[in-house]
Amino acid sequence: MTVNAQKNANAIPGVQLSDGFVIPQLGIGTYQLPNDEAEAIVAAGLELGYRHIDTASLYKNEEGVGKAVAASGLDRSDVWVTTKLWHTDHGDPLGGLRASLDRLQLDYVDLFLIHWPTPKLGTAWQAWEGLIEARELGLTRSIGVSNFEIEHLERIIGDTGATPSVNQIELHPHHQHRELVEYCKQRNIVIESWSPLAQGRKQLFADPAVADAAKAHGKSPAQIVLRWHLEKGFVVFPKTATASRLGENLDIFDFELTAAEIEAIDALEGLGESSISPYDMNG
Ligand code: NAD
């Protein structure tokens, strides 16, 4: 490992989860990257100093992610790997996780999430009990959920008394889920922002709230938006298929937004479309 990679890795803050584990606040997203691209981008990211990868059985790239982690030569304990349970496996969460581990070539993941609540199916609530068991068996360190609304969280916490360590939701300046974020904050559920860059939407990057801050700090609009997430305490893993952007997305720890800049970005709530409707199965 190069001195620079270690320096970059050290610069990424950790966020304390309620279960005692500490998750790197910045990682790499891999949605829509096929195995070979995921392998290449994760390998390049680990070499730069990234230590957190977000994948899912749905993404069909766990093999590629696993190969890059193995080839990095890093200690397993130095890399955070998250994967997710798709709704077709709600009936057998342990089987779903074991299949993911097989593809990842890992003995355990750091975080295992229920990918969607799919309330119409009504199968996610029982699946939560399987995640609790997976944690007891050491197949995952932490457990959490994704795309859960308040009522879904109430349901699984009420049923089991076990609170998820994280809720991974679509979150960016156009779509801030303030009530849900406040609910999670009060229960020590860490928020992970998916589509943190609103999928690279020009409407967000060109908005004066973002563009003016970029100019003032000598940073790119993407770096300003990522910084906004960090200062809110959210965990992020922007996706890129372009290796040069990995360095850009990592170069966000040498400046801070002013209170006025944060307020201006906060005011973008409600502009633009959400990327995926809450119950869309494709997310
Ligand atoms: P994102 O907001 O990370 O946007 C990715 C796009 O932004 C890229 O395709 C690229 O076009 C652009 N981009 C990235 N870096 C840039 C830069 N420096 N400058 C300019 N443009 C840049 O969107 P995403 O991929 O949807 O979300 C990130 C990750 O969140 C996913 O890869 C996945 O791991 C996770 N995710 C989870 C769910 C879920 O249901 N849990 C849903 C979607 C995504």
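The figures here come from the full heavy-atom set of this structure, side chains too, leaving out hydrogens, waters and symmetry mates. Whatever order the structure lists them in is the order used to number ligands and atoms, beginning at 1. Along the sequence shown, residues are numbered consecutively beginning with 1.
The Phe205 neighbourhood of ligand 1 comprises atoms 20 (C), 21 (N), with distances under 4.0 Å to a heavy atom of that residue. Atoms of ligand 1 lying under 4.0 Å from at least one heavy atom of Tyr31, given by number and element, are 31 (C), 32 (O), 33 (C), 34 (O). The distance from ligand 1 to the heavy atoms of Asn147 drops below 4.0 Å at these ligand atoms: 39 (C), 40 (O), 41 (N). Atoms of ligand 1 lying under 4.0 Å from any heavy atom of His115, numbered from 1 in the order shown and given with element: 39 (C), 40 (O), 41 (N). Here is the list of ligand 1 atoms found below 4.0 Å of a heavy atom in Ser195: 1 (P), 2 (O), 23 (O), 24 (P), 26 (O), 27 (O), 28 (C), 30 (O). The contact set between ligand 1 and Asp54, taken as ligand atoms under 4.0 Å from a residue heavy atom, comprises 33 (C), 34 (O), 35 (C). Against a heavy-atom cut-off of under 4.0 Å, Gln168 is close to the following atoms of ligand 1: 35 (C), 36 (N), 37 (C), 38 (C), 39 (C), 41 (N). Shown in contact with Ala222 at under 4.0 Å from a heavy atom are these atoms of ligand 1, numbered in order with element: 17 (C), 18 (N), 19 (N).
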Could you pull out all donor-acceptor pairs under 3.5 Å where a side-chain atom in residues 88-95 meets a protein atom, sequence neighbours excluded?
residue : atom : partner : partner atom : Å
His90   : ND1  : Thr123  : OG1          : 2.7
Asp92   : OD1  : Gly95   : N            : 3.0

Compile the donor-acceptor pairs under 3.5 Å between side chains in residues 127-135 and protein atoms, sequence neighbours left out, one pair per line.
residue : atom : partner : partner atom : Å
Trp128  : NE1  : Thr160  : OG1          : 3.3
Trp128  : NE1  : Ala162  : O            : 3.2

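For Lys239, heavy-atom contacts with ligand 1 shorter than 4.0 Å involve the backbone as well as the side chain. With a 4.0 Å cut-off on non-hydrogen atoms, Phe237 touches ligand 1 through its backbone as well as its side chain. The proximity of Ser146 to ligand 1, defined as any non-hydrogen pair under 4.0 Å, is limited to the side chain. Using a 4.0 Å cut-off between heavy atoms, Asn249 contacts ligand 1 through its side chain alone, with no backbone atom that close.
Nearest to atom 4 (O) of ligand 1 by heavy-atom distance, out of Gln199, His172, Gln223, is Gln199. Closest heavy-atom approach to atom 10 (C) of ligand 1 among the candidates Glu170, Glu248, Arg245: Arg245.
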Report the C-alpha separation of Glu170 and His172 in whole Å, then their side-chain angles, then the decisive distance to 0.1 Å, and conclude whether the side chain to side chain donor-acceptor pair (under 3.5 Å) test is met.
-> CA-CA 7 Å; Glu170 181 188 1; His172 47 74; 2.9 Å; yes
Walk me through it: do Trp116 and His87 pass the test ring-ring contact (aromatic ring centres under 6.0 Å, His included)?
-> CA-CA 7 Å; Trp116 282 89; His87 64 88; 9.5 Å; no
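Assignment of Ala198 to the shell around ligand 1 is supported, since a heavy atom sits closer than 4.0 Å.
For Arg155 and Asp159, the salt-bridge test passes: some basic side-chain N is under 4.0 Å from an acidic carboxylate O. Between Asp266 and Arg178 there is no salt bridge, since none of the side-chain N atoms of the basic residue sits less than 4.0 Å from a carboxylate O of the acidic one.
Note: an N/O pair closer than 3.5 Å links Thr30 and ligand 1 by distance alone. Taking any N or O of Pro196, backbone or side chain, at least one lies under 3.5 Å from an N or O belonging to ligand 1.
Using the six-membered ring where Trp is involved, Tyr31 and Tyr59 have ring planes that are tilted, between 30° and 60° apart.
No more than 12 heavy atoms of other residues, nucleotides or ligands sit less than 6.0 Å from atom CG of Asp107. By the neighbour-count criterion of 12 heavy atoms within 6.0 Å, atom NZ of Lys239 is densely surrounded, having more than that number from other residues, nucleotides or ligands.
Side-chain atoms of His174 come within 3.5 Å of backbone N or O of Leu271 as a donor-acceptor pair.
Taking both residues in full, the closest heavy atoms of Pro24 and Trp80 are given as CD-CB, 3.8 Å, listed atom of the first, atom of the second, then distance.
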